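Given the structure is predicted, the values throughout are model-derived calculations rather than measurements.
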2 protein chains.
Amino acid sequence: MAMSGTDLSRMREMNQLSVLWALRGTAPSTVTELAGRTGLSRPAADVLVQQLVADGWAEVEEPGASSTVGRPARRYRFRANAGHVLGIDVGVHKILVMLCDLEGNLVQSLRCPADPHAGPDERLAAVDETIDEVLREAGMAVTDVWAITMGVTGPVDGNGRSIISTHLPGWRDTDPVAHLRTRFTCPIRVENDCKLAAVAERWKGVAQDADDIVYLLAGLRTGAGLIIDGTLRRGHGGVAGEIGALKAVRWLNAPAHLAAHPEVPSGAKPGEAAAWVFQAAREGDSAAKTAVQRYIRDLAVGVAALVLTLDPQIVVYGGGFSRSADLVLDPLRRELAKHCLRVPELRASTLRDEGVALGALRLALDQVDNTLLSSQLAAPVAPQFS
Amino acid sequence: MAMSGTDLSRMREMNQLSVLWALRGTAPSTVTELAGRTGLSRPAADVLVQQLVADGWAEVEEPGASSTVGRPARRYRFRANAGHVLGIDVGVHKILVMLCDLEGNLVQSLRCPADPHAGPDERLAAVDETIDEVLREAGMAVTDVWAITMGVTGPVDGNGRSIISTHLPGWRDTDPVAHLRTRFTCPIRVENDCKLAAVAERWKGVAQDADDIVYLLAGLRTGAGLIIDGTLRRGHGGVAGEIGALKAVRWLNAPAHLAAHPEVPSGAKPGEAAAWVFQAAREGDSAAKTAVQRYIRDLAVGVAALVLTLDPQIVVYGGGFSRSADLVLDPLRRELAKHCLRVPELRASTLRDEGVALGALRLALDQVDNTLLSSQLAAPVAPQFS
DNA sequence: CGGACTTAGTAAACTGCGTAGCATTATTCT
DNA sequence: AGAATAATGCTACGCAGTTTACTAAGTCCG
């Protein structure tokens, strides 16, 4: 609560920001609309929006065919393409790079397969190539990128370095932020994949209406991302949500139930085996149904621990297994009812394998908002460093 | 981020608040000091602080013997006794009422024993009597109280009604907020005791330096209160932290280990039995040491679940058993090291049985800050309703 | 003991910002 | 074509904080 005194120039800054926020995320607006939305008088809104145009934050749309009586109004539009941000999902098997503008509209994206055994140098080189390709196709230069967020598996510290464990080979000794800094001068952030996917659900997924969310990344590995009071929570050391480490919580073993089915086609990869068991269960195979049941029973203990701790409004079931959410949600809900005082809503993610990259985009956009659009409002150029 | 436009009158309001915040919690200040602290010019700080004096928020201290060169300055002081708040701890065995001024200085407090079997009407009557006695001794009228927060055992919903379970007999069907509203028109809040004690640790306890805190109320019942990013978290339904409900977490049984010692003096109450076992363990009794060990082992599972979920900076061990923290902290730390990825600091509370009431005071003060000292700054009178 | 020095308090002029109100302009309706 | 409607542009106004200058009230030192 360290309020500080304000003078007139700061007031103008605030009002300019207020107009800018009123401009964003809406259809092109007239000055009168802006005045109404900001609570400012029309002349004030007018000079402020014209300043925004002069600075390059907004652009004018001259009146066309008017549909109503009276003099047609000029409309002003936020220049969403003044800058762009990158969201990157570095997975074990794939790399996904997305580029969007300042309003979050997807401009370009590219998925490229990755060698699961590739070391950090090789993997980062593949990331670089994918980024280059995306920028090339979008016709962007390096300086058009205002922020980058990258998602990786496993816990990450405040500096973006992997700690404790990760399934990216050799990643423990890598500093991906430093790598990206050799090419980009904008703010760069590296974050855990579950946490990013959680952010994505609140942004464009099934949890847009909630402020307290537990997101489950369910696949061969199970992880969680937590949003409390609308904000992603990392914990003091960046390992919030890693409930699977508790021995009483059988998250490590839970997916093993699925692989243990006796009739799984030999030679199937683990992920395919799980999908096969889910399908068999859907078709009535009783051994498969038992396997799924056991998986859910073990999964539920960890989810219950998270739910009892946080009392969220919504639990989102995402990750690779969310394609089989039809088999999981109802039994999981019943299991949770056994454990929890208050059972939250349970929803299946619909973001498929794009959640991590989308969440990365959102965090990068947040970074831009905090750096450029809050404290001081300069002309639109890429912010430096973080 | 719904920024709204500002005009000059609002700017003055903000600056007045800024001066008020600069005035609070510090020694009486000169205008020059205020100007420096707020970033305003000296004339501006001057007229603003004089307005605060006129409104009754501040008072002047005429210059006395000056210790430095130059003309001695008038000093201005926040009028902390312009209003007061009540913090109430309604326990099973006792009622504790505290009264403090707007800067949090304790003005009066009174503890009075309660009949464990008393019903809600009788208990609330005792609360009323204790409040009256405190106000009488402090020479305060009902209208001098600007906010009240009351702590009770067990989960509480957003309206202050007990849900799920509580150990106050008959409390489920009581509306304590409505009861207090018959006498007080100020904002009233009823909150779970663990949560309040957590708030107290961050305010005046051992966790003043942390923003992410797990507080354990350890006694015959075990409970938890969570502070994340400096804010008390209730969860969507008010049951955040109730990890003890999980069967894999043996919090219900954990204290039973202490009572099960074969040589506990017969006729001892459960609380005394636990204290006896702790003392015996301290003196080397091996059966007692085993009992404590088992208690800690079971306690640790639940704590680990909370810690793994939230990754806090500090875990505070409070509640009735915190007198025996010397026996608990080190073994608990070792147990946590087995379960957790990152072991947080573990500290013992020093607030004895005053934590709940202190936390209640703090929340009541927060309420005053939000109502009176933030949006609009009227003359100092008690806010109405909540 | 008195003048130089330091700091506080006060009053004026100045600048900047948003508001209110009115004239002007562009379009539709009759 | 003229009335009605709604946006735009312009000017005078009031208010808040800053700057600057000056006065008041102390201390320090020769």
J.: Below 4.0 angstrom from OP1 or OP2 of dG18(C), is there any side-chain N or O of Ser41(A)?
T.: no
J.: What's the closest nucleotide to the side chain of Arg74(B) if the choices are dT7(C), dG18(C), dT10(C)?
T.: dT10(C)
J.: Could a donor-acceptor pair under 3.5 angstrom be found where the side chain of Arg71(B) meets the base of dT6(C)?
T.: no
J.: Over all strands shown, is Thr30(A) touching base, sugar-phosphate only, or nothing at heavy-atom distances under 4.0 angstrom?
T.: nothing
J.: From the set dA11(C), dG18(C), dT27(D), return the single nucleotide nearest to any side-chain atom of Pro43(B).
T.: dA11(C)
J.: dG18(C) C1' sits how many Å from Leu34(A) CG, rounded?
T.: 16 Å
J.: Rounding to an integer number of Å, can you tell me how far Met11(B) CE sits from dG18(C) P?
T.: 10 Å
J.: Decide yes or no for Met150(A) and Glu191(A): does some side-chain heavy atom of the first lie under 4.5 Å from some side-chain heavy atom of the second?
T.: no
J.: Starting at CG of Asp7(A) and ending at C1' of dC14(C), how long is that distance when rounded to a whole Å?
T.: 15 Å
J.: Side-chain N or O of Asn15(B) less than 4.0 angstrom from OP1 or OP2 on dA16(D)?
T.: no
J.: Where the side chain of Arg42(B) is concerned, which of dG18(C), dA7(D), dG9(C) is the nearest nucleotide?
T.: dG9(C)
J.: From the list dG18(C), dA7(D), dT27(C), which nucleotide is the closest neighbour of the side chain of Ala73(A)?
T.: dA7(D)
J.: Any donor and acceptor pair, going by atom type alone, linking the side chain of Asn105(B) with main-chain N or O of Asp101(B) inside 3.5 Å?
T.: no
J.: Using whole Å, what does the distance between atom P of nucleotide dT19(C) and atom CG of Asp46(A) come to?
T.: 12 Å
J.: Find the distance Arg12(A):CZ to dA16(D):P and express it as a whole number of Å.
T.: 19 Å
J.: Over how many whole Å does the gap from Arg75(A) atom CZ to dA7(D) atom P extend?
T.: 9 Å
J.: Round to the nearest Å and state the distance from Met14(A) atom CE to dC17(C) atom C1'.
T.: 13 Å
J.: Checking contacts here: which listed nucleotide (dA16(D), dT19(D), dC10(D)) is nearest the side-chain heavy atoms of Leu8(B)?
T.: dA16(D)
J.: Nearest whole angstrom, please: distance from the P of dA20(C) to the CG of Leu40(A).
T.: 11 Å
J.: For Val47(B), which contact category applies under a 4.0 Å heavy-atom criterion: base, sugar-phosphate, or nothing?
T.: nothing
J.: Mind checking the SG-CD1 spacing from Cys186(B) to Ile148(B)? Nearest 0.5 Å is all I need.
T.: 4.0 Å
J.: Select from Val31(A) and Ser9(B) the residue whose nearest nucleotide in DNA chain D is closer to the 5' end of that strand.
T.: Val31(A)
J.: Short question: side chain of Arg24(A), backbone of Leu102(A) - any donor-acceptor pair under 3.5 Å?
T.: yes
J.: Is it true that a side-chain atom of Thr38(B) and a backbone atom of Leu34(B) form a donor plus acceptor pair closer than 3.5 Å?
T.: yes
